[in-house]
J.: 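Sharing a structure below in structure tokens format, with a few things to ask.
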Amino acid sequence: MHVIHNVTAREILDSRGRPTVEAVCDLADGSRGVASVPSGASTGRAEALELRDGDPSRYAGLGCRKAVASVNAALQPALRGRGFDGQQDLDAALIELDGTPNKSRLGANAILAVSLAYARAAAAQRRLPLYRHLAEMAGTGLAWLPRPTINLFSGGKHAGRQAPIQDVLVVPASARTMDEALSMTYAVYMSAAERVARKYGMRLLRADEGGQAPPFPNVESMFEDALGAIEAAGLAPGRDVVLAVDVASTHFHGSSGYDLGAETLTSRGMIERLAQWVEHYRIVSVEDGLAEEDWEHWPALCAALSPRALVLGDDFLCTQPERIRRAIQARAATALLLKVNQVGSLSEALEARDLACQAGWQVTVSARSGETEDHWLADLAVGWQGQQIKIGSITQSERLSKYNRLLQIEAETGLPLAAWPSAAGLRGGGRL
Ligand code: PGA
Ligand code: ZN
């Protein structure tokens, strides 16, 4: 039992300089948890509502004073002095106090900040590191550290739409430790920067998550430049380092189809194109290959790409249990991109994770494009046995705080990096 002495919140700024919510939870025994929430830009329609002030005279309407007031004026009096048996008990109370299906009254940003701060306080009361507390919450032991998938090049909404797709990521496939994974990625990132300078005459400009964003003439050049950068770093593409992609196709899908710049493709055409890219560039994970509401074609996408590549749903699933259930039934994906703030509480995110695991899917735990220095995401990925983690590039402190936390957890636990799906049991095996 954890008795809440107080909960408070305040506005802090995220990696884009926009306000977000930080909450503090104090328990009666003096244990304290502090946590802050991230924010997306390339958001899915089914996400829980992030409450913003809408006052154009302050942060272009993006202020979070209303969400802060949800904590200080609504949740605080309701929670003070109350005891909770665990995370689920607390989250159920938060959801009931909000009373809407998408957390639109109090705001998912307010609710999640309190949910996370409580988890930290409960871990502190139990004198456990957060990742162990989260592992117990999930009923899992500690098995591995998530293998990082790391942004190299960006287009779409995270850059200036130089290319329609959002991110090309590198996966350090042969790395056995987090330390090795990060040093390999550094070598690739630096050789990519040299290539970008030579080819596009551009100094290193970074997109929201730290990806490099030169004026690529088309999508294929993003993949080719990524493979070239891997080779130039003295590593073998397809063996040491492989590629993953976040297509984020909802954001270039319109009434006439998928707008790739020079051409517009139907859903079937898009599936064929993705299958060619997977084959040609040895891509091992394809996120949001089709638009979030293109339910009809996701099963065909899944059949075309798996088991060679993970068929990963981000905007498509929005970490929402009902959407995940429906996708499992329809055989529409093989992996869940888990973003806790898409659903708005730890317990609901855990339910999403459990559904994915029970279906034999992989779980890629993901940061948002707007992040803070808080590193609970690293603990969550380890504690909930995410096989992959997607944090962004290796260049900005809001990203590095999570990589550094993973290094710390690696030093504390000596856990190995998760194997890629072939070894982790994905139907038919993976490509590595
Ligand atoms: P977001 O996007 O955090 O800007 O929504 C990240 C992603 O699409 O994976
Ligand atoms: Zn995405």
Side-chain angles (χ1 to χ4, degrees), residues 40-48 102 146 149 151 156-158 165-169 171 244-253 258 267 270-271 273-275 277-278 283-344 348-369 380-381 384-390 420-421 424 426-427 430:
S42 167
T43 48
R45 276 225 312 254
E47 293 195 23
N102 65 345
T149 63
N151 299 39
K157 278 200 154 180
H158 288 172
I165 69 167
Q166 193 167 283
D167 298 294
V168 171
L169 304 100
V171 186
V245 58
D246 183 1
V247 186
S249 61
T250 302
H251 305 291
F252 58 86
H253 180 247
Y258 292 89
S267 300
M270 190 68 199
I271 293 171
R273 186 62 51 87
L274 290 166
W277 288 342
V278 163
I283 294 166
V284 298
S285 174
V286 175
E287 181 179 335
D288 283 347
L290 292 177
E292 61 193 348
E293 296 307 337
D294 197 355
W295 279 92
E296 193 191 330
H297 296 98
W298 272 82
L301 172 74
C302 195
L305 302 190
S306 55
R308 189 164 273 203
L310 296 181
V311 178
L312 180 58
D314 171 16
D315 294 349
F316 176 52
L317 301 169
C318 277
T319 318
Q320 300 280 341
E322 315 107 77
R323 290 179 77 92
I324 296 165
R325 272 193 207 96
R326 186 175 160 198
I328 291 169
Q329 273 206 323
R331 295 179 185 271
T334 60
L336 167 69
L337 194 86
L338 184 105
K339 288 171 166 169
V340 178
N341 77 326
Q342 283 181 327
V343 65
E348 290 161 292
L350 182 56
E351 186 189 346
R353 176 253 177 222
D354 287 348
L355 285 168
C357 290
Q358 284 153 17
W361 287 12
Q362 299 274 298
V363 176
T364 302
V365 173
S366 175
R368 301 305 305 249
S369 50
L380 183 131
W384 289 6
Q385 293 189 357
Q387 289 92 348
Q388 298 90 33
I389 190 165
K390 182 184 163 205
W420 197 260
L426 188 77
R427 190 164 36 90

J.: Can you give me the closest heavy-atom contact between Ala327 and Trp361, atom names plus distance?
T.: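 Looking at all heavy atoms of both residues, the closest pair is CB-CH2, 3.9 Å.
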J.: Of the non-hydrogen atoms in Ile389 and Ala381, which two are nearest, and what is the gap between them?
T.: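 Looking at all heavy atoms of both residues, the closest pair is CD1-CB, 3.6 Å.
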J.: Where do Trp384 and Leu338 land on the side chain to side chain contact (heavy atoms under 4.5 Å, CB included) test, with the steps shown first?
T.: CA-CA 11 Å; Trp384 289 6; Leu338 184 105; 4.1 Å; yes
J.: Donor-acceptor pair, distance only, cut-off 3.5 Å: does the side chain of Ser249 make one with the backbone of Asp288?
T.: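 It does hold such a pair.
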J.: Mind checking what makes side chain to side chain contact (heavy atoms under 4.5 Å, CB included) contact with Cys357, not counting sequence neighbours?
T.: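 Cys357 satisfies side chain to side chain contact (heavy atoms under 4.5 Å, CB included) with Arg353, Val363 once adjacent residues are dropped.
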J.: Return the set of residues passing side chain to side chain contact (heavy atoms under 4.5 Å, CB included) with Ser285 (not counting sequence neighbours), or none when no residue passes.
T.: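 Scan of Ser285 (side chain to side chain contact (heavy atoms under 4.5 Å, CB included), adjacent residues dropped) gives Ala244, Leu310, Leu312, Trp420.
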J.: Roughly how far, to the nearest 0.5 Å, is NZ of Lys390 from CD of Glu287?
T.: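 Interatomic distance, Glu287 CD to Lys390 NZ, rounded to 0.5 Å: 3.5 Å.
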J.: Could you tell me if the side chain of Leu337 sits less than 4.5 Å from the side chain of Asp246, heavy atoms only?
T.: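 They are not in side-chain contact.
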J.: Can you tell me how far the SG atom of Cys318 sits from the NZ atom of Lys339, to the nearest 0.5 Å?
T.: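 One finds 8.0 Å between SG of Cys318 and NZ of Lys339.
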J.: So, for Ala248 and Ser42, which heavy atoms are closest and what is the spacing to 0.1 Å?
T.: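 Of all heavy-atom pairs spanning Ala248 and Ser42, the closest is CB-OG, 4.3 Å.
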J.: Minimum heavy-atom separation for Leu380 and Val340, please, with both atom names.
T.: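 Looks like CD1-CG2, 4.0 Å.
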J.: Over all heavy atoms of both residues, which pair between Ala352 and Pro321 is shortest? Give the atoms and the distance, please.
T.: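 Closest approach of Ala352 to Pro321: N-CG, 4.3 Å.
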J.: If the condition is side chain to side chain contact (heavy atoms under 4.5 Å, CB included), which residues does Ala303 pass it with, not counting sequence neighbours?
T.: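 Partners of Ala303 under the side chain to side chain contact (heavy atoms under 4.5 Å, CB included) test: none.
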J.: If you measure from CG on Leu336 to CG on Leu317, what distance do you get to the nearest 0.5 Å?
T.: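 Atom-to-atom, Leu336:CG and Leu317:CG are 6.0 Å apart.
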J.: Please tell me whether Glu296 and Ser267 have a donor and an acceptor in their side chains that are separated by less than 3.5 angstrom.
T.: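 Short answer, no.
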J.: If you measure from CZ on Phe316 to CG on Leu301, what distance do you get to the nearest 0.5 Å?
T.: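 Here the rounded value is 9.0 Å.
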J.: What residues, two or more places apart in sequence or in another chain, satisfy salt bridge (Lys or Arg N to Asp or Glu O under 4.0 Å) together with Glu292?
T.: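 Glu292 satisfies salt bridge (Lys or Arg N to Asp or Glu O under 4.0 Å) with no other residue.
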J.: If we ignore hydrogens and angles and just use 3.5 Å, is the side chain of Trp298 paired with the main-chain N or O of Arg331 as donor and acceptor?
T.: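 Side chain of Trp298 to backbone of Arg331, a donor-acceptor pair under 3.5 Å: no, none is there.
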J.: Among Ile283, Ile271, Val278, Thr334, which residue satisfies the side chain to side chain contact (heavy atoms under 4.5 Å, CB included) criterion with Leu305?
T.: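 It is Val278; the other options fail the test.
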J.: Is there side-chain contact between Met270 and Asp294, with at least one heavy-atom pair below 4.5 Å?
T.: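 With C-beta onward as the side chain, the pair stays apart.
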J.: Just how far is it from atom CD of Glu322 to atom CD1 of Ile324, taken to the nearest 0.5 Å?
T.: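 Glu322 CD to Ile324 CD1: 9.0 Å, rounded to 0.5 Å.
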J.: Taking ring-ring contact (aromatic ring centres under 6.0 Å, His included) as the test, write out the residues that go with His253, two or more places apart.
T.: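 Partners of His253 under the ring-ring contact (aromatic ring centres under 6.0 Å, His included) test: Tyr258.
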J.: Under the side chain to side chain contact (heavy atoms under 4.5 Å, CB included) rule, collect the residues that match up with Glu293, sequence neighbours excluded.
T.: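 Checked Glu293 against side chain to side chain contact (heavy atoms under 4.5 Å, CB included); matches are Arg45, Trp295, Arg323.
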J.: Shortest non-hydrogen contact from Gln342 to Gln320?
T.: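 Result for this residue pair: O-NE2, 3.1 Å.
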J.: If only atom types and distance count, is the side chain of Glu348 paired as donor or acceptor with the main-chain N or O of Thr319 below 3.5 Å?
T.: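 Checked: no pair found.
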J.: So how far is it from Gln166 CD to Thr250 OG1, rounded to the nearest 0.5 Å?
T.: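 These two atoms lie 9.5 Å from each other.
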